[in-house]
Protein chains: 2
Amino acid sequence: MSVTEQPEGGPRRQSRQRNAVLALLDELDGFRSAQDLHALLRERGDSVGLATVYRALQALVDDGQLDVLRSTDGEAAYRRCSSSHHHHLVCRSCGRTVEVADPPVERWAARIAAEHGFVDVQHDVEVFGTCAACAAARA
Amino acid sequence: MSVTEQPEGGPRRQSRQRNAVLALLDELDGFRSAQDLHALLRERGDSVGLATVYRALQALVDDGQLDVLRSTDGEAAYRRCSSSHHHHLVCRSCGRTVEVADPPVERWAARIAAEHGFVDVQHDVEVFGTCAACAAARA
DNA sequence: GTGCTCATGAGAATCATTCTCCCACGCGGA
DNA sequence: TCCGCGTGGGAGAATGATTCTCATGAGCAC
């Protein structure tokens, strides 16, 4: 979500593990922690090192192919995302997410920052709630 | 920022250390990590254990007297805050913060959530930038 | 195929945070 | 004022996520 550099790390080398991580993220649709992803890969017989998962995730984040989210318990969660700027609506119960791109918030953030003399602005917005399906299931 | 319970933990016992933490936070105006606060207390000769600082901070958060922020590197940062709902404008360089309470975002979050059938909604919004002073100093 | 790199894997290292255990102080009652 | 209970405090160990190290193995250009 940061709009910083992308110093071009050269043509990233292909590898089974990196593809596996990306493929896994492609078929999941909520935010998953690195530990989760690692466990899932192992479960399905893909022998991948934990460190490798972290490296792959970081590389993908650098490439703008993933979004990261820090949960309140300090774990980082990753999700395959469109690369354009957007925010998330996350279901607290099932982890399902919806991408939200809405000009009003962008303008709001810019205005607030300008009013206080801040420059070089960037913002983080996440909305948590219970999705319709989970709310119904719980009732 | 969560609007959960506050089960009333009984009349919290007074103590030098707890007051020291609160006093320190009162005179600082940016977000500080627990480690920072602990180091600062030690520096000024206040012998306080690290665990105690964490305990005090958690107690204060529970009481709604502090706001917590998880930075991207996984460290939690604390700040003395008004207890009403608001968001922050944080200077990336000096850590200075401005509290922002603005109905438009609240409405935006509620609307977005409603549009997707989400209920029981809560949101996190933080705006990072470089404050006027730091921008000037850097130029 | 050859060689140069960069990626990988296992485990150690690091870092923030929490837990454990035990001691000491605050506070209410005698 | 003195006593005893219970909570708060300190030190250091434990935990858990993430990163680093280093030797080995796999892409990719020629």
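Everything numeric here is computed off the predicted structure, so don't read it as measured data. Below, read A as the first sequence line, B as the second, and so on, with proteins coming before strands; counting in each chain starts at 1.
Nucleic acid contact class of A:Ser47 (heavy atoms, under 4.0 Å, all strands): sugar-phosphate only. Using a 4.0 Å heavy-atom cutoff across all strands shown, B:Ala76 reaches sugar-phosphate atoms only and no base atom. The residue B:Gln17 sits close only to the backbone: its heavy atoms come under 4.0 Å of sugar-phosphate atoms, none of a base.
Set against C:dT17, D:dG10, D:dA11, the side chain of B:Arg42 has D:dA11 as its closest nucleotide. When distances run from any side-chain atom of B:Arg18 to the nucleotides D:dG8, C:dG9, D:dA17, the shortest one goes to D:dG8. Picking from C:dT8, D:dA17, C:dA16 the nucleotide with the shortest atom distance to the side chain of A:Glu75 gives D:dA17. Listed nucleotides: D:dT18, D:dG9, C:dG11. Nearest to the side chain of A:Leu50: D:dT18. Considering only side-chain atoms of B:Ala51, the nucleotide from C:dT17, D:dT18, D:dA11 that sits closest is D:dA11. Among the nucleotides D:dG9, D:dC28, C:dT18, the one closest to the side chain of B:Tyr54 is C:dT18.
Residue-to-nucleotide proximity on DNA chain C shows that, of B:Asp73 and B:Arg55, the 5′-proximal contact is made by B:Asp73. Annotation: of the two residues near DNA chain D, A:Ser33 and A:Gln14, the 5′-most nearest-nucleotide partner is A:Ser33.
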Verdict with supporting geometry, A:His87 and B:His123, side chain to side chain donor-acceptor pair (under 3.5 Å) | CA-CA 11 Å; A:His87 300 293; B:His123 58 276; over 6 Å; no
* To do: Apply ring pair (Phe, Tyr, Trp, His ring centres under 6.0 Å) to B:Phe31 and B:His88, showing your working.
  => CA-CA 10 Å; B:Phe31 276 90; B:His88 296 106; 4.8 Å; yes
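A donor and an acceptor atom sit less than 3.5 Å apart, one in the side chain of A:Arg13 and one in the base of C:dC6.
Proximity of B:Gln58 to the phosphate of C:dT17: no side-chain N or O atom is located under 4.0 Å from OP1 or OP2.
Nearest heavy atom pair, residue A:Arg44 against residue A:Leu24, reads NH2-CD1, 3.6 Å. Shown here for A:Ala34 and A:Val53, the closest heavy-atom pair between the two residues is O-CG1, 3.9 Å.
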